[in-house]
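Read through the structure below, which is laid out as structure tokens, and then see the notes.
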2 protein chains.
Amino acid sequence: MVTERSDVTQILAEIFREHGYAGASLSEITNRTGLGKGSLYHLFPDGKEGMARAVLFEVADWFEENVFMPMRAPDNPDGGIDHMFTEVLRFFDTGRRTCLMGAFALDDARDRFPSEIQAYFLDWTRMLATALRRSGFEKNAAREAAEEVVAGIQGALVLARSLGDPAIFVRAIKRLRKRTGLDQQV
Amino acid sequence: MVTERSDVTQILAEIFREHGYAGASLSEITNRTGLGKGSLYHLFPDGKEGMARAVLFEVADWFEENVFMPMRAPDNPDGGIDHMFTEVLRFFDTGRRTCLMGAFALDDARDRFPSEIQAYFLDWTRMLATALRRSGFEKNAAREAAEEVVAGIQGALVLARSLGDPAIFVRAIKRLRKRTGLDQQV
DNA sequence: GTCTATAGATCGATAGAC
DNA sequence: GTCTATCGATCTATAGAC
């Protein structure tokens, strides 16, 4: 039985990923967590919105620690970028998991958490662009490539989920990894 | 005042695009269409699910006529591909509109209309791959490029919406158009 | 064909016992 | 801290007058 807040947040994240914000009902949340509404509102006094906010925060936190921080190392930008692809592949369960931020962006939640969603994608593209510049890309080329990579990941997740074929995501990662290689710089 | 079924479907499409399936409520639908529930259920006897199905059908139909059909011309594959990018740019309102199929794919609707969503993306990637082969791409390269283009479009729409910056979509289209150019073939 | 009124279910959220 | 019971609002859908 789960009772730790972080355990609950993990389950909440999966539910929001599968159904979006509007589609995630408290009845499913009580079922999947095994917690009554009393417990849930004790952990999250702001209710469903608070649950979603906690999940958004945790995702942002995970990326900060596992993706952005390693990418900040000024001496080894290529290693940071490579590490990003490895972690992203793992995080999205090799294409079987969708992106919470993407789901919320195409959902009602976009109007409820605009700054959180914006910050996530802005941070990601900026960090990657910086690393690409350090790796040798020219300024504008780095920004374009970063945009292409982040969009490519999001789109591959949509496509993989729509077609029920996680391999699409794996192929996209391989392709985008090559795209950031030094041989491709403009 | 709208009363034609196709006029209503247009409005429904916008509502579903903005809120997803679960987030689109009948109260907003009655407000935006100006029709009472009686009229709506007269037009769509299956209710909300029927409304969504009509919208999905219309989108698929639009793509069939304006994108896939021109791409089938065996003698001018490059023209068909170019035409696709132009129409897609127009269809998604230069990046201000999101993709209904993408929104449904990351939503509850994915379990409700799996075959419709799958068919949309499968048709698109297949048509494009065929055109790319005719344009000179090797078989596997054509499939990969088609996947990259469709995913790139979807991802750019997610990113553009998340950051509130339609220009991201315009840049992606330009980039992907170049990607399908003959100079890029493997 | 369009409306109003309302049913019946489910929603998110709260109260209070334990 | 967790439960059950229940609130009021909102949801989709239906009935029936016009």
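Naming convention: chains lettered A, B, ... in sequence-line order (proteins, then strands); numbering from 1 in each chain. Everything numeric here is computed off the predicted structure, so don't read it as measured data.
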Requested in this report: Give a yes or no on whether a salt bridge exists between Glu64(A) and Arg72(A), defined as a side-chain N under 4.0 angstrom from a carboxylate O.
Outcome: yes
Query raised in the report: To the nearest Å, how far apart are Leu35(A) CG and dT4(D) C1'?
Result: 15 Å
**Report entry** Whole-Å gap separating C1' (dA13(D)) and CZ (Phe44(B))
**Finding:** 15 Å
Report task. State which of dT12(D), dC11(C), dA13(C) makes the closest approach to the side chain of Leu26(B). Result -> dT12(D)
Query raised in the report: Which distance, rounded to the nearest 0.5 Å, do you find between the CZ of Arg179(A) and the CG of Leu176(A)?
Result: 8.5 Å
Requested in this report: Looking at every strand, decide which applies to Ala22(B) at a 4.0 Å heavy-atom threshold: base, sugar-phosphate, or nothing.
Outcome: nothing
Query raised in the report: When you measure from the centre of the six-membered ring of Phe169(A), is the NZ or CZ of Lys174(A) under 6.0 Å away and within 45° of the axis?
Result: no
Report task. Work out which heavy atom in Ala142(B) is nearest to a heavy atom in Phe137(B); give both atom names and the distance. Result -> CB-CB, 3.8 Å
**Report entry** Value in whole Å for how far the P atom of dC11(C) lies from CD1 of Ile15(A)
**Finding:** 13 Å
Report task. Using a cut-off of strictly less than 4.0 Å, decide whether Ser27(B) has a side-chain nitrogen or oxygen near OP1 or OP2 of dC11(D). Result -> yes
**Report entry** Test salt bridge (charged side-chain N to carboxylate O under 4.0 Å, His left out) applied to Glu18(B) and Arg161(B), Arg97(B), Arg32(B), the passing residue
**Finding:** Arg32(B)
Query raised in the report: Just how far, in rounded Å, is P of dA5(C) from NZ of Lys37(B)?
Result: 12 Å
**Report entry** Distance below 4.0 Å between Ser39(A) side-chain N/O and dC3(D) OP1 or OP2
**Finding:** yes
Requested in this report: In whole angstrom, give the distance that lies between atom CG of Asp46(A) and atom C1' of dT14(C).
Outcome: 14 Å
Report task. May I ask you to decide whether Glu147(B) forms a salt bridge with Arg143(B), counting only side-chain N to carboxylate O separations under 4.0 Å? Result -> no
Report summary line: Whole-Å distance, Glu28(B) CD to dT12(D) C1', equals 15 Å
Query raised in the report: Taking only residues two or more places apart in sequence or in another chain, which ones pass side-chain contact (heavy atoms from CB on, under 4.5 Å) with Arg134(A)?
Result: Pro74(A), Pro77(A), Thr130(A)
Report task. Pull out every residue in residues 47-56 of chain A that has a heavy atom closer than 4.0 Å to any atom of DNA chain C, ordered by number, or say none. Result -> Gly47(A), Lys48(A)
Requested in this report: Grab the NE2-C1' distance between His42(A) and dT4(D) for me, whole Å please.
Outcome: 17 Å
Report task. Return the value, rounded to whole Å, for the distance between atom CG of Asp108(B) and atom P of dT12(D). Result -> 12 Å
